[in-house]
Amino acid sequence: MAKAPILTPRAEDFPRWYQDVLAKAELAENGPVRGTMVIKPYGYGIWERMQAEMDARIKDAGAENVYLPLFIPESYLRREAEHVEGFSPELAVVTVAGGKTLEEPVVVRPTSETVFGEVMARWVQSYRDLPLLLNQWANVVRWELRPRVFLRTTEFLWQEGHTAHATRDDAVACYLDFMHYVLAVPVQVGVKTRRERFAGAINTMTCEGMMGDGKALQMATSHELGQNFAVAFDIDYLDDTGTRQHCWTTSWGSSTRMVGGLVMCHGDDAGLRVPPRVAHVQAVVLLVRDEDGAGAAAAALDADLRAVGVRSRLDAHTSTSFGRRATDWELKGVPVRLEVGPRDLAEGRVTLVRRDTGAKTDVPIGGAVDAVVRALEDVQAGLLAEATSRRDERTVRVGSVEEAIEVAQTGFARIPWSMLGDDGEDRLATQAITVRCLQRADGSVPEVVDGSPVGEDLEALVARSY
RNA sequence: CGGGGAGUGGCGCAGCCUGGUAGCGCACCUGCUUUGGGAGCAGGCGGUCGCGAGUUCGAAUCUCGCCUCCCCGACCA
């Protein structure tokens with residue numbers, strides 16, 4: 001008799017499946033205030049891995065970490081007209097504190113361009129101070145009407161980089177490598193259209209990933225702020241001729257939304273599948289029954305794995321049935337599982353199970369550690385390959401807005417930008433479809449001049465999105 | 001803000017119409033038997049039924065008021 005599925009099948013109701021995975025894999029739950037989330041140890045462990053990998057890349061790119069305040073004077077936001085206009089609907093504002101009504105309300109940061117602007121204005125005096133490359137890890141608050149855990153929460157954790165340059169300069173491009181190499185999510189990099197641009201930027205670039213249901217998720221962004229914030233906050237320097245100049249600034253961010261993207265990109269009907277490089281538990285040694293020395297053998301394998309740097313965990317909770325524990329680790333998406341029981345030991349072997357394919361193989365106990373290390377590499381590559389082929393199969397080049405709407409029901413449509421334009425964007429919007437980004441025909445990022453991407457071969461990547 | 005629902009052990013729900021000992025599933029605790037794919041049986045812990053007033057001998061249930069939350073319609077990591 002077939003048992004009821006543990007999770008809602010993805011094909012039946014994808015959003016419900018997503019909720020089920022968050023609960024069953026113990027990633028997060030809702031907080032007491034609508035839109036807030038409690039990130040549980042297993043979910044936070046994944047975020048910590050993301051932070052470690054991102055932080056290393058940010059530092060490689062030359063940026064240093066700082067911490068700026070959570071509270072921002074309301075007047076700061078008003079200094080950049082587009083910025084305040086864009087963010088005001090989602091601001092949380094403190095008007096009472098210390099038992100008194102504040103003379104000037106204080107805003108809980110929705111992002112920190114304004115405080116960075118004020119700080120940079122003081123720190124930058126000379127062209128010798130440039131470029132100034134800063135980053136901070138922080139929480140931010142944007143009051144959400146339609147929250148979804150990890151994907152769109154009122155408070156979220158992120159990394160925000162802020163840089164100042166003497167000339168218009170490239171933003172840091174470490175996201176692509178991180179998404180591809182660590183998260184195994186093949187992202188499309190392009191520029192946002194005017195209407196999707198960050199409030200106050202002259203150009204916004206985005207990394208768009210395709211989820212398991214063909215919808216898009218913006219997984220990171222980077223903004224060229226031009227001289228807008230430099231003018232508003234007097235971020236000036238003296239150049240080598242002694243002339244006062246405005247800086248050019250950028251900002252770029254990635255957030256806990258990536259955890260949601262990870263779930264929706266790699267999860268299957270049996271639960272989460274975590275790519276080994278971002279897995280906080282890479283392998284679990286699952287003791288079947290503690291008989292005939294199986295317990296000692298399992299503990300030894302776990303220790304051997306950790307000795308070679310595999311993030312391994314021993315599950316010797318034999319008071320819980322084997323099947324239950326196997327299912328739970330599958331829900332959590334641990335990439336590789338080693339099953340150790342008396343039956344295996346009698347034959348001098350253990351059972352290795354790959355989470356991505358479900359394939360089971362018997363390996364000699366002496367070669368188990370090497371087999372796990374190899375399997376981790378295979379799972380990493382397998383997940384990337386699977387996500388890439390899905391993206392490629394579901395990305396279709398079209399020649400009309402009607403076709404684009406059709407294709408966007410199941411994936412991404414590529415349509416010549418000249419065929420779409422502002423009117424086309426309106427037509428798509430009525431179907432809940434948006435232009436995710438603009439690219440050149442070869443998929444490269446176009447140049448942006450005076451706020452508009454240029455090139456004869458511009459294409460719009462359109463899709464439904466989260 | 002406009003339309004539709006719901007508030008009952010930790011979670012998911014029934015009971016309300018027709019007032020009378022507060023119930024079920026999951027989870028949790030104890031014991032025994034189990035353990036190679038979601039264990040079984042037995043016994044247990046846990047709830048001033050969203051808040052306030054009213055009707056009544058008696059209110060989860062009927063009446064009135066209030067509060068909160070959820071679902072569907074414009075922008076954002």
Side-chain angles (χ1 to χ4, degrees), chain A residues 1-7 15-16 23-24 29-30 32-35 50 54 82-83 85-91 109-113 138-148 150-161 175 192 195-201 204-209 217-223 251-261 270-271 286-291 294 315-331 337-347 349-351 353 358 360 362 426 429-430 432 434 465-466:
Chain A
M1 191 174 75
K3 290 193 172 114
I6 296 168
L7 303 169
R16 182 130 177 227
K24 298 281 186 180
E29 47 191 53
N30 285 307
V33 172
R34 181 182 159 80
M50 290 184 177
M54 281 293 309
E82 280 186 32
H83 192 63
E85 189 188 337
F87 278 106
S88 60
E90 42 190 355
L91 290 182
R109 64 179 162 219
T111 179
S112 305
E113 273 72 8
N139 59 338
V140 288
V141 167
R142 298 178 186 178
W143 217 258
E144 288 293 347
L145 301 176
R146 278 208 182 297
R148 302 190 63 182
F150 286 124
L151 301 176
R152 204 185 298 117
T153 47
T154 281
E155 179 189 4
F156 57 93
L157 306 181
W158 78 345
Q159 146 283 311
E160 53 179 324
Y175 292 134
K192 284 292 189 186
R195 74 175 66 186
E196 301 253 331
R197 192 178 293 160
F198 178 77
T204 286
M205 280 168 280
T206 177
C207 294
E208 298 284 330
L217 180 72
Q218 178 171 320
M219 298 188 61
T221 57
S222 139
H223 316 290
S251 65
W252 26 279
S254 63
S255 72
T256 38
R257 172 181 279 183
M258 288 190 296
V259 179
L286 185 54
L287 175 62
V288 181
R289 274 178 292 140
D290 190 7
E291 291 170 16
D315 179 351
H317 303 112
T318 51
S319 57
T320 302
S321 74
F322 169 81
R324 178 51 175 261
R325 290 180 290 140
T327 305
D328 284 349
W329 288 115
E330 240 160 40
L331 284 164
R337 195 165 72 236
L338 276 186
E339 299 176 356
V340 184
R343 205 181 294 166
D344 298 291
L345 284 189
E347 298 174 31
R349 52 148 177 107
V350 294
T351 306
V353 188
K360 292 188 180 185
D362 291 339
D426 286 338
T430 65
T434 50
S465 70
Y466 282 99

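The chains referred to below are lettered A, B, ... by the order of the sequence lines, with proteins before strands, and numbering in each begins at 1. These values consider heavy atoms only, across backbone and side chains, with no hydrogens, waters or symmetry-generated copies.
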> Donor-acceptor pair under 3.5 Å: do we get one between A:Lys360's side chain and the base of B:G36?
Replying inline: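 By the distance-only test, no, there is no pair.
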
Residues in side-chain hydrogen bond (donor to acceptor under 3.5 Å, both in side chains) contact with [X], at least two apart in sequence or another chain:
X	value
A:Thr320	none
A:Arg109	A:Tyr67, A:Asn139
A:Arg325	A:Asp315
A:Thr153	none

> With a non-hydrogen cut-off below 4.0 angstrom, is A:Pro110 in contact with a base, only sugar-phosphate, or nothing?
Replying inline: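 Counting heavy atoms under 4.0 Å across all strands, no contact is made by A:Pro110.
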
> What does A:Asp344 touch in the nucleic acid at a heavy-atom separation under 4.0 angstrom: a base, only the sugar-phosphate, or nothing?
Replying inline: base

Output a table of nitrogen or oxygen pairs between the protein and nucleotides 29-35 of chain B separated by less than 3.5 Å.
residue, atom, partner, partner atom, Å
B:U35, O2, A:Thr318, O, 2.8
B:U35, N3, A:Thr318, O, 3.0

> Do the charged groups of A:Glu330 and A:Lys24 touch, with an N to O distance under 4.0 Å?
Replying inline: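 Looking at A:Lys24 together with A:Glu330, the answer is no, because their closest N to O distance does not fall below 4.0 Å.
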
> Looking at residues at least two apart in the chain, or sitting in another chain, which of them share a side chain to side chain contact (heavy atoms under 4.5 Å, CB included) with A:Arg34?
Replying inline: A:Pro147

> Who passes side chain to side chain contact (heavy atoms under 4.5 Å, CB included) against A:Ser254, sequence neighbours left out?
Replying inline: A:Met54, A:Gln159, A:Tyr175, A:Ala220, A:Met258

>> According to salt bridge (charged side-chain N to carboxylate O under 4.0 Å, His left out), who are the partners of A:Arg349, at least two apart in sequence or on a separate chain?
In response: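 Scan of A:Arg349 (salt bridge (charged side-chain N to carboxylate O under 4.0 Å, His left out), adjacent residues dropped) gives A:Asp344, A:Glu347, A:Asp362.
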
> What string of B, S and - do you get for nucleotides 68-77 of chain B 5' to 3' if you count protein non-hydrogen atoms under 4.0 Å?
Replying inline: --SSBSB-BB

